[in-house]
2 protein chains.
Amino acid sequence: MRASDKAYASLREDIIEWRLAPGTVLGEVEQSARLGVSRTPVREALGRLTAEGLTTAAGGRGVVVTAISLEDIDELFELRETLEAKAAALAAVRGERRVFEQLHAELLEAPALLEAGDPARHEYYALVGRLDDAIDTAISNSYLAQAMRSLRVHLVRVRRLAADDAARLGAAAAEHASIAEAIASGNPRLAEAATILHLHRSLSHIKNSNLKAGNTSH
Amino acid sequence: MRASDKAYASLREDIIEWRLAPGTVLGEVEQSARLGVSRTPVREALGRLTAEGLTTAAGGRGVVVTAISLEDIDELFELRETLEAKAAALAAVRGERRVFEQLHAELLEAPALLEAGDPARHEYYALVGRLDDAIDTAISNSYLAQAMRSLRVHLVRVRRLAADDAARLGAAAAEHASIAEAIASGNPRLAEAATILHLHRSLSHIKNSNLKAGNTSH
DNA sequence: GTTTCCCGGAATGTATACAAAATGTTCGAG
DNA sequence: CTCGAACATTTTGTATACATTCCGGGAAAC
């Protein structure tokens, strides 16, 4: 593994997991010392992170971890709804029916995964990730897939902000199952509707749990 | 101006203007010699270009200029329609009416610009660019604006492929005027429809002139 | 004749030394 | 006391030397 990849992965993980708070300045020398590599790979890693929007060049004084405000979350979901609704509709038309029937069946069993001992819900998130991947493949549009991938980075960061209690995850699993079912049925308008419904509920949940915690993060 | 910015701007320009053909390998040493800067800024420039999708890392043997196939153009416009239709709708709701009324009036006068002596149609493209900027501002969504900006890079490249004759540009100006008018009227569905209409005609024109030229570029 | 292994060369990946720019501070004048 | 300018420090930006990896050619074995 290249040193620049290592630096990138490490920094990215730290930002997404909120171990590096928004506003933190990431100096090149400081990070190269912390990560045990020289400035060059750190520099490349910071460049990649800035291109993704996880950090922002602060002109002369290093790069800073980008903040996510409540307005940002609204904007993020506005774009997400646009992209994912279209993607679901395309998947319903172009996707392979059996793939999504299979995912639908598995998602119906998801509550069992949530009751298992894993506190990180690893298997559950992996299953949802497989649905995302299946949609990405089905749409046959690399530009749209790329746009969604770049969005997901920010969304994972937002998700960590919300309280992912078992109740919400169970409901989300049912919503995902509906999306998979709609795509499998080959009905693009239905797939769109199921996606929009899921995203609205997801956004409401995030904003609610955020409101309670008083977590504005700037 | 930083050397890396210079290298980036120069390479980007060369790729967009098709002076660097798709498939061309861009070696770091070779480009640093050609551009008169050292490998480090060239490396950063190539990284940025790869992040944008204009070049692709070829693993071990430099980066290559990305090809644009006819399928890519279809995919590009599929995403473009999704994003710009949404943007137009949002602009109709959130934008300042007078800005788009002004642009509408100017776009109706665009044919005069096309008859002026400038073969590059500099003023015409500047006017269309101002419409794009106005929409970007009106939507109040930095993520959506960013997604559209990253798309436009590829679209400029595609546009160079098409024969931008005066007839098509005149029609396009009328279509842009319709979009501005629809946004000014505050009707999101109308703005969406005007945008979709324009994009479909634009795509048809590109595919037609491309068919005639037999220009597949891989 | 085909395949596989190894070696050579040229490319990228990394580290570090040096240059330049920007910021924060401090000193001085008003 | 406040404002401003100049300086010092700390940061990023660039160049280059060195390490490493990867591809391709060629020879030998099957």
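Atom set for the values below is all heavy atoms of this structure, side chains included, hydrogens, waters and symmetry mates excluded. Every chain is numbered from 1 and lettered A, B, ... according to where its sequence line falls, protein lines coming before strand lines.
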Short N-O contact, [X] and [Y], less than 4.0 angstrom:
X      : Y      : answer
B/R168 : B/E175 : yes
B/R48  : B/D5   : yes
A/R94  : B/E78  : yes
A/R80  : A/D74  : no

- With a 4.0 angstrom cut-off to heavy atoms of chain A, pull out the first and last contacting nucleotide of DNA chain C, in 5'-to-3' order. C/dG13 to C/dG24

- Message: Please give me every residue in residues 45-53 of chain B whose heavy atoms get under 4.0 Å of an atom in DNA chain D, ordered by residue number.
- Response: none

- Considering only heavy atoms, which members of residues 24-42 of chain B lie under 4.0 Å from some atom of DNA chain D? B/V37, B/S38, B/R39, B/T40, B/P41

- Partners of B/R34 by side chain to side chain donor-acceptor pair (under 3.5 Å), sequence neighbours excluded? B/D14, B/Q31

- Query: If you round to the nearest 0.5 Å, how far is CG of B/L20 from CD of B/E13?
  - Reply: 11.0 Å

Which whole-number value in Å describes the distance from [X] [atom1] to [N] [atom2]?
X     : N      : atom1 : atom2 : result
B/M1  : D/dT14 : CE    : P     : 11 Å
B/E44 : D/dT12 : CD    : P     : 13 Å
B/D5  : D/dT12 : CG    : C1'   : 13 Å
B/R43 : D/dG13 : CZ    : P     : 16 Å

Got more than 12 heavy atoms from elsewhere within 6.0 Å of [atom1], [X]?
X     : atom1 : result
B/E17 : CD    : yes
B/R98 : CZ    : no
A/E96 : CD    : no

Report yes or no: do [X] and [Y] form a side-chain donor-acceptor pair below 3.5 Å?
X     : Y      : answer
A/E52 : A/Y8   : yes
A/E81 : A/H200 : yes
A/E75 : B/S142 : yes

- Task: Could you please spell out the steps behind the side chain to side chain donor-acceptor pair (under 3.5 Å) verdict for A/T66 and A/T56?
- Result: CA-CA 6 Å; A/T66 308; A/T56 312; 2.9 Å; yes

- Specify whether B/Y143 and A/H154 have parallel, tilted or perpendicular ring planes, treating 30° as the upper limit for parallel and 60° as the lower limit for perpendicular. perpendicular

For nucleotides 21-24 of chain D, list the nitrogen or oxygen atoms of the protein found under 3.5 Å from its nitrogen or oxygen atoms, one pair per line.
from   : atom 1 : to    : atom 2 : distance (Å)
D/dC23 : O3'    : B/R61 : NH1    : 3.0
D/dG24 : OP1    : B/R61 : NH1    : 3.4

- Walk me through it: do A/E192 and A/K86 pass the test salt bridge (Lys or Arg N to Asp or Glu O under 4.0 Å)? CA-CA 7 Å; A/E192 235 183 278; A/K86 180 71 175 181; over 6 Å; no

- Item | Terminal axes of the helix from C/dG1-D/dC30 to C/dG30-D/dC1 (five pairs each): angle between them, nearest 10 degrees | 20°

